[in-house]
Amino acid sequence: MNMIQLNDIKKMLSEQGYITGDALAMSVFLSLQLNKPLLVEGPAGVGKTEIAKVMAKALQTDLIRLQCYEGLDATHALYEWNYQRQLLHLKMTEHKEQSVEEKERTIFSDSFLMKRPLMQAITHYKRPVLLIDEIDRSDEEFESFLLEVLSDWQITVPEIGTVRATHIPQVILTSNRTRELSEALRRRCLYLYIDYPDFEKEWLIVTNKVPGIDAKLAEQITLFMQQLRAIKLEKTPGIAETLDWAMALSALHIDHLDKNIIEQTLGVILKDWRDTREVQLSLSELMEKTGVISRLNML
């Protein structure tokens with residue numbers, strides 16, 4: 001990995017179908033070169049998680065994902081003992097002549113250890129990409145624990161001792177900013193903010209990710225989504241929703257937008273009833289701004 005150059009990063013991401021800019025490519029490059037975690041923040045659906053997936057493919061390694069949520073604790077992130085299997089083993093060997101110490105060594109061995117994402121990453125046979133997704137959904141206690149793991153790359157299991165990283169993972173953390181992360185975690189990472197894309201970038205993403213889509217439809221979808229995000233919504237749609245909509249309309253063999261098809265497919269891009277109502281009330285204005293009405297009148 002030390003031989004990878006900045007242009008290689010751009011090429012690798014491009015080959016995996018990820019439309020990127022210079023800032024993103026530089027952040028990934030420096031994260032690899034400095035062997036530091038990369039914290040990626042931004043609205044939902046703008047491609048933060050996809051960075052880790054693409055990096056794993058580009059580096060020809062495995063992606064290990066830790067999905068964060070409220071109440072996540074160290075046990076669910078690190079390891080658990082397979083108690084049922086341990087009990088079954090003890091039952092099956094209860095008549096076997098073994099000392100208590102020997103039985104303990106057996107049931108508290110690697111065979112009975114259920115490795116969760118952080119343990120998987122630390123003990124992986126080659127350097128993986130570790131995705132810690134939506135770290136802002138976890139609580140501050142877990143964030144403090146995670147900071148310790150990222151600093152030492154070792155885990156102490158009371159029954160078997162300290163487990164040190166075979167290969168230090170390449171770490172990507174994502175956050176939707178539902179809460180503010182600690183300064184300690186931010187200092188530990190390189191930082192990248194991804195915003196909603198401009199028209200050109202979003203159009204490139206649509207045409208690359210939805211092969212065969214009608215050129216006029218791709219342009220209209222992108223224009224509509226750009227104008228849609230200017231409205232104050234509860235849940236602003238991201239690139240993921242744009243692609244879902246483009247694939248849905250393409251599958252329906254639609255070659256241009258009109259009011260009926262937009263109204264019928266709003267559920268693909270909007271996931272809140274208040275947003276749906278707001279857009280329905282503003283639909284004529286949105287269509288006019290995106291040029292749909294004038295284009296249809298010319299047909």
Side-chain angles (χ1 to χ4, degrees), residues 13-14 16-24 40-51 53-54 133-134 174-178 192-299:
L13 295 174
S14 177
Q16 297 299 323
Y18 194 94
I19 308 300
T20 184
D22 291 339
L24 192 152
V40 186
E41 284 193 325
V46 294
K48 301 185 297 297
T49 299
E50 194 68 18
I51 294 175
K53 295 178 179 178
V54 168
D133 212 8
E134 298 184 319
T174 72
S175 167
N176 296 332
R177 294 187 62 85
T178 58
L192 174 67
Y193 184 84
I194 300 181
D195 206 345
Y196 297 112
D198 59 19
F199 171 83
E200 183 179 357
K201 183 177 179 181
E202 190 160 21
W203 178 82
L204 280 172
I205 293 171
V206 170
T207 53
N208 274 271
K209 292 288 187 179
V210 191
I213 189 171
D214 183 86
K216 178 172 66 178
L217 178 63
E219 180 184 351
Q220 289 183 336
I221 287 172
T222 308
L223 284 168
F224 188 89
M225 294 300 287
Q226 292 282 314
Q227 292 297 327
L228 186 62
R229 294 190 190 109
I231 300 175
K232 188 175 181 180
L233 301 172
E234 294 291 328
K235 298 184 185 300
T236 303
I239 302 171
E241 284 73 28
T242 303
L243 291 175
D244 285 346
W245 199 30
M247 286 187 280
L249 295 180
S250 185
L252 290 168
H253 305 291
I254 304 296
D255 60 7
H256 65 271
L257 291 179
D258 60 41
K259 187 173 184 179
N260 286 337
I261 198 65
I262 293 173
E263 287 180 329
Q264 292 169 15
T265 58
L266 273 179
V268 180
I269 53 176
L270 300 175
K271 309 300 169 67
D272 185 278
W273 70 269
R274 288 161 294 191
D275 291 344
T276 301
R277 181 170 176 78
E278 179 67 28
V279 171
Q280 286 172 337
L281 294 172
S282 309
L283 192 53
S284 295
E285 183 182 353
L286 277 170
M287 291 176 65
E288 187 173 359
K289 285 182 177 179
T290 55
V292 172
I293 290 177
S294 60
R295 280 188 174 88
L296 291 177
N297 289 339
M298 293 170 63
L299 292 176

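Not a single side chain to side chain donor-acceptor pair (under 3.5 Å) links N260 to another residue, sequence neighbours left out. Applying the side-chain contact (heavy atoms from CB on, under 4.5 Å) test to A44 and every residue at least two apart in sequence or in another chain returns N176. Scored by the side-chain contact (heavy atoms from CB on, under 4.5 Å) test, Q227 finds L286, K289, T290 as partners (sequence neighbours excluded). Residues passing the side-chain contact (heavy atoms from CB on, under 4.5 Å) test with T49 are K53, R65, L131, D133, T174, sequence neighbours excluded. Checked against salt bridge (charged side-chain N to carboxylate O under 4.0 Å, His left out), D195 has no partners two or more places apart in sequence or in another chain. Residues meeting the side-chain contact (heavy atoms from CB on, under 4.5 Å) test with K201, sequence neighbours left out: I19, P197, D198, I205. Residues meeting the salt bridge (charged side-chain N to carboxylate O under 4.0 Å, His left out) test with R177, sequence neighbours left out: E41, E180.
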Worked verdict on V40 versus L24 for side-chain contact (heavy atoms from CB on, under 4.5 Å): CA-CA 10 Å; V40 186; L24 192 152; over 6 Å; no
Chi angles and distances behind the side-chain contact (heavy atoms from CB on, under 4.5 Å) call for T265, I254: CA-CA 12 Å; T265 58; I254 304 296; over 6 Å; no
Check against side-chain contact (heavy atoms from CB on, under 4.5 Å), L283 and L266: CA-CA 11 Å; L283 192 53; L266 273 179; 5.6 Å; no
Verdict with reasoning, F199 to E219, per side-chain contact (heavy atoms from CB on, under 4.5 Å): CA-CA 9 Å; F199 171 83; E219 180 184 351; 4.1 Å; yes
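Between the side chain of S282 and the backbone N or O of V279, no donor-acceptor pair lies under 3.5 Å. Panel note: side chain K48, backbone G42; a donor-acceptor pair is recorded below 3.5 Å.
For residues 226-253, the set of pairs meeting the ring-ring contact (aromatic ring centres under 6.0 Å, His included) definition, not counting sequence neighbours, comprises F224-W245. Applying the salt bridge (Lys or Arg N to Asp or Glu O under 4.0 Å) test to every pair with at least one member in residues 220-236, sequence neighbours left out, gives these pairs: E202-R229. Residue pairs that meet the salt bridge (Lys or Arg N to Asp or Glu O under 4.0 Å) test with at least one member in residues 272-284, sequence neighbours left out, are D272-R274.
Residue V206 comes nearest to A246 through the heavy atom pair CG1-CB, 4.0 Å, listed as atom of the first residue, atom of the second, then distance. Taking all atoms of both residues into account, the shortest heavy-atom contact from L13 to V54 is CD2-CG1, 3.4 Å. Scanning both residues, D258 and M287, for their nearest heavy atoms gives C-CE, 4.0 Å. Considering every non-hydrogen atom in both P43 and Y193, the closest pair reads CD-OH, 3.7 Å.
One distance of note links CD1 of I239 with CD1 of I194; it measures 8.0 Å at 0.5 Å rounding. In this structure, the separation between NE2 on H256 and CD1 on I221 is 12.0 Å, given to the nearest 0.5 Å. With rounding to the nearest 0.5 angstrom, the CE atom of M225 is 9.5 Å from the OG1 atom of T236. Here the NZ-CG distance, from K271 to L233, works out to 13.0 Å after rounding to the nearest 0.5 Å. Here the CD1-CG distance, from I213 to N208, works out to 11.5 Å after rounding to the nearest 0.5 Å. Residue L223 holds its CG atom at 8.0 Å from CD of Q220, rounded to the nearest 0.5 Å.
The closest side-chain heavy-atom distance from D244 to I269 is not below 4.5 Å. At a threshold of 4.5 Å between non-hydrogen side-chain atoms, the residues V268 and L249 do not count as touching.
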